[in-house]
Amino acid sequence: QDINKNGIIEFDEAEESGTFLNAISRLDELAQKGINTIHVMPITAVGKTKAIGTAGSVYSALSFNKLNPQLQSDKSALSVEEQARKFIDEAHKRRIRVIIDLPSCGSYDLYMQRPELFVKDKSGQPVIPADWTDVRLLNAGTESNVNRDVYNLYKEFVDMVINLGADGIRADVATNKPAKFWKDLIAYSRTKDTQFLWLAEASESWNEPGSDYAVFTPYDKLLEAGFVCCYFNIKNWKTGRELVNQVITTNSNLAKFPERKAVIGSFTTHDEMSPLLVNGPKLSLMIMWLNATLPVNSYFVDGFDTGDNYIYLWANKKALKTYTDDDYYFVHRGKIDIFNFSRQPGGKSEILSENFKAANRVKYRFMPIINNGKFVPLKATNPSVFAYAIGYNGKSILVMGNLNFRGVSETSVFVPKLDKDTEAIPLKIEYLLQTRDILKIHLIRVKFR
């Protein structure tokens, strides 16, 4: 509730930050956009010492069995647990599932309380993973010797979120814990809820730990341990061939498992810079339609669908008030703010908003083809152009795109078995964003039913 619209929530001015209860008002909006699952970033209490940002990072866990009191509305007599349960119940009424983020590390405050839970370096100091200076690396043990103290910490988290009615867990940096750790924890969760979903933050491209002191479990071992989903690595494609090769590789890797596994379309996450700052709205449009037509679970960050560039005018400036020992508004440029009490994510692009809803409708309509069909790469004469088809039960989806975002590329795409009797119905014809002139697309012998 940013009343004065300055981008910061000022409690002294009767403004309200995001809570479980005021988030309920956005559920209808999400349902109307075609969203059927919410990945809620960490809801546990956060550390305030050696913190980053004025609220503390949501990934700097102070506790794994207590909810963040900052998410409780003081306008209700309900406890924070009851408010969280109400939010999840309201989501379920709208046929929206809720998965909760499980932090990978602990805060410095938690280290001070329970130092035995953490990895120590050669000098006896707690290990800082990668460049996340506000957290310390938990000691989950090894494949042959799981640390039961940390395991029990996570077991308490599982109990908490299942008791709240959540449908699953997204495990932050799942690679830095042994497969045995996850196998036991996932099996335990399934004794309480046989359909409980586990999503691993891991991808095929990850091949080393975030610290010399951390273990590393590759994505395939995580899937063997019981995770249902991992992340589809979609980063820095330069040619159309790279795009289709990645899909082929991922499909081949998933086919090795006897039980069906899945991936999410990791085109943009809270760790990624806004596509608007990378290649403008054209990239955002491509992300929407690739998510709709590839055999992946569509995945988006709040604000992406309306064109938020996640630029905050007060970012990295000294704050007048702080709730941690950091008095600067720490923000990663172009990424959603997870460190401060700040504005609701969102942009003002009607073109992106309408395409987002349309792409999700297409995904629902053609789910049988996308999920069960054969992925067929198609040859294009221009290296920046990709093309593929997915066919099932006598019907096919044909997709073409251009990775050259600076201009129009001429190309020929070779489509086998396309003849004069083929019926083709164009689902989407791209428009130039500035002039709204229709791009020249030549379809061979198109006729409508």
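- For residues 109-137, the pairs satisfying ring pair (Phe, Tyr, Trp, His ring centres under 6.0 Å) are Y108-Y111, Y111-F118, W132-H332, with sequence neighbours left out.
- Of all non-hydrogen atoms in K238 and L403, the two that sit nearest each other are C-CD1, 4.2 Å.
- Pairs engaging residues 54-81 under the ring pair (Phe, Tyr, Trp, His ring centres under 6.0 Å) rule: Y59-H270, F64-Y154 [sequence neighbours left out].
- For A91, the side chain to side chain contact (heavy atoms under 4.5 Å, CB included) partners two or more places apart in sequence, or in a different chain, are L27, I96, V98.
- Heavy-atom contacts from other residues, nucleotides or ligands closer than 6.0 Å to CE of M273 number more than 12.
- Between the side chains of D327 and T54, no donor N or O sits under 3.5 Å from an acceptor N or O.
- For the pair R148 and Y151, the distance from NZ or CZ to the six-membered ring centre is under 6.0 Å and the angle to the ring normal is within 45 degrees.
- Both the sub-6.0 Å distance and the 45° axial angle are satisfied by K155 relative to the ring of Y188.
- Between the side chains of Q246 and E204, a donor-acceptor pair is found at a separation under 3.5 Å.
- The 12-atom threshold is exceeded at CD of E29, counting heavy atoms of other residues, nucleotides or ligands nearer than 6.0 Å.
- Using modelled atom types and a 3.5 Å distance limit, the side chains of Y388 and T293 yield a donor-acceptor pair.
- Looking at residues two or more places apart in sequence or on another chain, you find no side chain to side chain contact (heavy atoms under 4.5 Å, CB included) involving K317.
- With sequence neighbours excluded, no residue forms a salt bridge (Lys or Arg N to Asp or Glu O under 4.0 Å) with D167.
- Not counting sequence neighbours, D337 has no partner by the salt bridge (Lys or Arg N to Asp or Glu O under 4.0 Å) test.
- Within 6.0 Å of NZ on K120 lie more than 12 heavy atoms contributed by other residues, nucleotides or ligands.
- Counting heavy atoms of neighbouring residues, nucleotides and ligands inside a 6.0 Å radius, atom CZ of R365 does not exceed 12 of them.
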- Message: Please determine whether side chain to side chain contact (heavy atoms under 4.5 Å, CB included) holds for the pair K86 and Q83, giving the CA-CA distance in whole Å, both sets of side-chain angles, and the decisive distance to 0.1 Å.
- Response: CA-CA 5 Å; K86 183 173 178 60; Q83 292 185 21; 5.6 Å; no
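- For N6 and E10, the side-chain atoms include at least one donor-acceptor pair closer than 3.5 Å.
- Salt bridge present: D308 and R343 bring a charged side-chain N and a carboxylate O closer than 4.0 Å.
- Sparse packing is recorded around NZ of K66, with 12 or fewer heavy atoms of other residues, nucleotides or ligands lying under 6.0 Å away.
- Classification of the Y312-W314 ring pair by plane angle, with boundaries at 30° and 60°, yields tilted.
- Side-chain contact annotation: D193 with Q195, donor-acceptor N/O pair under 3.5 Å absent.
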